[in-house]
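For the numbers below, each heavy atom of this structure counts, side chains included, while hydrogens, waters and symmetry mates do not. Sequence lines set the chain letters: A, B, ... in the order given, protein chains first and strands last, and positions in each chain run from 1.
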Protein chains: 2
Amino acid sequence: MTESGAIHARIRRDIEARIMSGEWAPGTRIPYEHQLMATYGCSRMTVNRALRMLMEAGLIESRRRAGTFVSHPRVQRAALEIPDIRDEVAGQGESYRLDLDRREIRAASEEDKRLLQIDGGSVLALECRHHAGGRAYALERRLINLAAVPEAAEVDFAIEPPGSWLLSHVPWTEAEHRITAFNAGGKELVALGISAGAACMALERWTWRGEERITYARQVYPGDRYALVARFRP
Amino acid sequence: MTESGAIHARIRRDIEARIMSGEWAPGTRIPYEHQLMATYGCSRMTVNRALRMLMEAGLIESRRRAGTFVSHPRVQRAALEIPDIRDEVAGQGESYRLDLDRREIRAASEEDKRLLQIDGGSVLALECRHHAGGRAYALERRLINLAAVPEAAEVDFAIEPPGSWLLSHVPWTEAEHRITAFNAGGKELVALGISAGAACMALERWTWRGEERITYARQVYPGDRYALVARFRP
DNA sequence: CTTCCATTAATGTATATACATAATTGAGTC
DNA sequence: GACTCAATTATGTATATACATTAATGGAAG
């Protein structure tokens, strides 16, 4: 088939093509490694490398002694980009502006403790509005666990949006998103300039580093102006 | 550090931990392969395997002759899992029921052509409701490109939900999701049993195989009963 | 000082080999 | 037929070695 590049890449492409075309359906046993060695005239290590990559990609699974099989596709996985709102707005060719409405360092309240899963300590609480081309784009409420990120207390978030700063300064190991739709109430009406009851999208995010929660963010977008888009490959 | 498992896994974990903790900041050159060989008392192939995996994960990059470096974090991407609705309902311990309201094979309309990016041919159009524990859970409208998946014409989608069938029978190479919030109108009121203007979440999905679009789906969830949750690691 | 080029040192790929591990197979036993 | 257990076999990991490829380096020539 293809002739370009390394042998392992070629083996990988060939097998992937056979699976994608449906020629090798889910559950099918693919040839044994020693058969692929013969087919491609290469060593087992090279075959194994190609198969290992396909395994990491989730296309195949193998069982010792039994062989290697085409996976039954399961959950779909989408590459959802963690939106840096400033970049997102700039990418649409609009001018970006940030209004910081509130900045407070306080001892963790009951709600803060629940959202950040901490027993005490102090948190940095922020409320801000993101504007695109002069119009309100999103409303953001954020909590930062100062025990995990003490240096955040010194940052001027009126200049750099908290999401942008955290993304580029704090490494994280795990995160969770929760996306919901709700009818706008008192708070959002003025801040986003929308009418009562208008549908809004809320994007909540919790971010961990190891066992420790770093930050909680809740971003609210007007439903008629915003769509969350994720494009991906399996 | 850790002692369990294969050597390559241990090397990988150690390096990952150093990067995550910030000890090795972006741009830092990590030790040369021959230095890691000495550190771990293993062969270069084993070190190389660990590094290759970290490269695929995007944590490091390497340049011949210069060495291997910690990557500068880029766009943060997350794996958003969007499960099969039937499995999702079952996973919550609720009973699942499917109502197929409409099933039609027709020549592609203008809208069908736009959504599936086809010039003509026939499509299978479906409308159905997913129920969880007797309550409406989601409303689904789906188009299937019969030129790409002719066997779909023979399937009884009153038994198997279209999403489940497609997931397990049709391999795909690319997909796009679009998530929006909107106020419920005429169609949704009765089907979902909600009141006028209630916020709903719409999840639209286009799926490709190579250059060809396979299917388009639009799922509508009542905003007060549904949250899309995605948990992931970088 | 700048340009050119050979040297050199790092990663990239591939091989042949070895032993470990797990699970199927099949023979032997009850 | 049902159970036990050893032989078999495919994958999993690791090694030592070799050569290819790329680009930083440093010295020679202008």
Visitor: Considering only D:dT15, D:dT13, C:dT24, which nucleotide approaches the side chain of A:Ala66 most closely?
Guide: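 When the side chain of A:Ala66 is considered, C:dT24 is the closest of D:dT15, D:dT13, C:dT24.
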Visitor: Does the side chain of B:Arg64 get closer than 4.0 angstrom to OP1 or OP2 of D:dA24 through an N or O atom?
Guide: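 Checking B:Arg64 against D:dA24: no side-chain N or O falls below 4.0 Å of OP1 or OP2.
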Visitor: Let me know the distance between CZ of A:Arg12 and P of C:dT13, rounded to the nearest Å.
Guide: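 So the two atoms are 12 Å apart, to the nearest Å.
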Visitor: Compute the centroid of each ring, for B:Tyr226 and then for B:Tyr137, and state whether the two points are separated by less than 6.0 Å.
Guide: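 So the answer is yes for these two rings.
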Visitor: Tell me which of A:Met45 and A:Arg65 sits closer to the 5' end of DNA chain D, going by the nucleotide each one is nearest to.
Guide: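 Its nearest nucleotide lies further toward 5', so the answer is A:Arg65.
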Visitor: Do the side-chain N or O atoms of B:Ser62 get closer than 4.0 angstrom to the phosphate oxygens (OP1, OP2) of C:dA10?
Guide: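 It does not, given that no N or O in the side chain of B:Ser62 lies less than 4.0 Å from OP1 or OP2 of C:dA10.
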Visitor: Closest nucleotide of DNA chain D for A:Arg63 versus for B:Thr46: which of these residues is on the 5' side?
Guide: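 In this pair, the answer is A:Arg63.
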Visitor: Take atom CD of B:Glu33 and atom P of C:dT13, then tell me their distance rounded to the nearest Å.
Guide: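 The distance from CD of B:Glu33 to P of C:dT13 comes to 11 Å, rounded to the nearest Å.
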Visitor: Within the 4.0 Å heavy-atom criterion, would you say A:Arg52 contacts the bases, only the backbone, or no part of the nucleic acid?
Guide: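 Nothing: the residue A:Arg52, judged by heavy atoms under 4.0 Å, touches no strand.
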Visitor: Picking from D:dT13, D:dA10, C:dA14, which would you name as closest to the side chain of A:Ala6?
Guide: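 Taking heavy atoms from C-beta onward, the closest nucleotide is C:dA14.
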Visitor: Which comes earlier along DNA chain C counting from the 5' end, the contact point of A:Arg44 or that of A:Ile7, where each point is its nearest nucleotide?
Guide: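 Here A:Ile7 is the residue nearer the 5' end.
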Visitor: Centre of A:Phe69's six-membered ring, under 6.0 Å away, within 45 degrees of the axis: is that where NZ or CZ of A:Arg63 sits?
Guide: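 Checked: cation-pi criterion met.
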Visitor: Taking only Lys NZ, Arg NE, NH1 and NH2, and the carboxylate oxygens of Asp or Glu, determine whether A:Glu160 and A:Arg86 approach each other closer than 4.0 Å.
Guide: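 Salt bridge present between A:Glu160 and A:Arg86.
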Visitor: Under a 4.0 Å threshold between the charged nitrogen and the carboxylate oxygen, would A:Arg18 count as salt-bridged to A:Glu23?
Guide: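 So A:Glu23 pairs with A:Arg18 through a salt bridge.
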Visitor: Return whichever of B:His34 or B:Asn48 has its heavy-atom-nearest nucleotide of DNA chain C closer to the 5' end.
Guide: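 Between the two, 5'-proximity favours B:His34.
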